[in-house]
Number of protein chains: 2
Amino acid sequence: MSRMTTHRTNTRRTTQRDTIVEVITQSPGPITVEQIHELAKKTIPSLGIATVYRTIKLLLENGTIQTVVLPDGLSRYESAALGHHHHFRCRACGNVFDLDICPVKLPKDMTLPGGYTVDDHELTFYGTCPNCQ
Amino acid sequence: MSRMTTHRTNTRRTTQRDTIVEVITQSPGPITVEQIHELAKKTIPSLGIATVYRTIKLLLENGTIQTVVLPDGLSRYESAALGHHHHFRCRACGNVFDLDICPVKLPKDMTLPGGYTVDDHELTFYGTCPNCQ
DNA sequence: CTAAATGCAAAATCTTTGCAGCCTC
DNA sequence: GAGGCTGCAAAGATTTTGCATTTAG
């Protein structure tokens, strides 16, 4: 009997991917596709936007990064290694920062009035960051 | 001295706008452009998507509705008349619901460690809605 | 009647995909 | 070497805009 087709794809290590991962993990908060592209081009000027999109997709699938979407409608990406944390968006500069602390204690699992079973939550703060004070 | 140009545009009441406003305000939670279009077409089958986009933009500008963006990346719209409230997104059906109650008490204004001055916050829960239990 | 609003289709954006050549393994 | 990766450009998808016609006031 022939063995089943493995759906695992061999992935190779490339300068592009290493650079994109580094740019995302070194950021103080989640960043957009455009920001990733701009930052990574400092290392690889020829980097194409398609490669950025493809790499983000790959990193999302293999669980290296995760998506953060705030009310400006843009998707941002951050390391999935970060534990439970929340975000702060500065209305002045528009940047998003990771918060070390969690100002509220919410049980991870709970049921809300109305019959909503909660398994996770997300909290985002808005205001002014220290740099823009 | 001539009076300054008024930037106020005369807006007219149309069936399209009335219908779109009604669809948004009657929804149990924020809904997407596509949902608005589909629901409004039940009343006005000829309604064009461009009119939906233009009306949403108008309603956002005059403060009738507001945008809600969750991690699925889609923008949703809801009545701006709703007070401070939070959202619940069902992982099963994907719909978003308004929550009447606020399970956490957060001071609207506060400063977080690191020097972040907060003026607002947003909380979203994920899980299963009563219909999908 | 006058000018705002609509519907349609073209244009502008943003993201994905096809391909030939390049580069890991 | 073989097949995954990349850059480029074409293709899709989503949102905006131009324009002639319709319609509110």
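All figures in this text were calculated on a predicted structure; none of them were measured in a lab. Both backbone and side-chain heavy atoms feed into the values below; hydrogens, waters and symmetry mates do not.
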Q. NA contact type, A:I49, heavy-atom cut-off 4.0 Å: base, sugar-phosphate, or nothing?
A. nothing
Q. Relative to each other, are the rings of A:H84 and A:H121 parallel, tilted or perpendicular (30° and 60° limits)?
A. perpendicular
Within this structure, what is the [atom1]-to-[atom2] distance between [X] and [N], rounded to whole angstrom?
X	N	atom1	atom2	value
A:H37	C:dT15	NE2	P	13 Å
B:L58	C:dT6	CG	C1'	13 Å
B:L74	D:dT15	CG	P	8 Å
B:R13	C:dT6	CZ	C1'	18 Å
A:I56	D:dT6	CD1	P	13 Å
A:Y53	C:dT13	OH	P	14 Å
A:I44	D:dC8	CD1	C1'	16 Å
A:D18	C:dC23	CG	P	16 Å

Do any side-chain nitrogens or oxygens of [X] fall under 4.0 Å of OP1 or OP2 in [N]?
X	N	answer
A:Q16	D:dG7	yes
B:T14	D:dA24	no
A:T51	D:dG7	yes

Q: Evaluate the side-chain proximity of A:V33 to A:Y77: yes if any heavy-atom separation is below 4.5 Å, no if none is.
A: yes
Q) Are A:L59 and A:R17 side-chain neighbours, meaning at least one heavy-atom pair lies under 4.5 Å? A) no
(Q) For the residue pair B:E78 / B:H87, report whether a side-chain donor-acceptor contact shorter than 3.5 Å exists. (A) yes
Q: Answer with yes or no whether B:R54 presents, from its side chain, a donor or acceptor under 3.5 Å of a partner atom in the base of C:dG7.
A: yes
Q. Any N or O donor-acceptor pair linking the side chain of B:R12 to the base of C:dA3 at under 3.5 Å?
A. yes
Q) Which of these nucleotides, D:dA9, D:dC5, D:dG4, is closest to any side-chain atom of A:R17? A) D:dC5
Q | Heavy-atom pair with the smallest gap, counting every atom of B:V52 and B:L47 | A | CG2-CD2, 3.9 Å
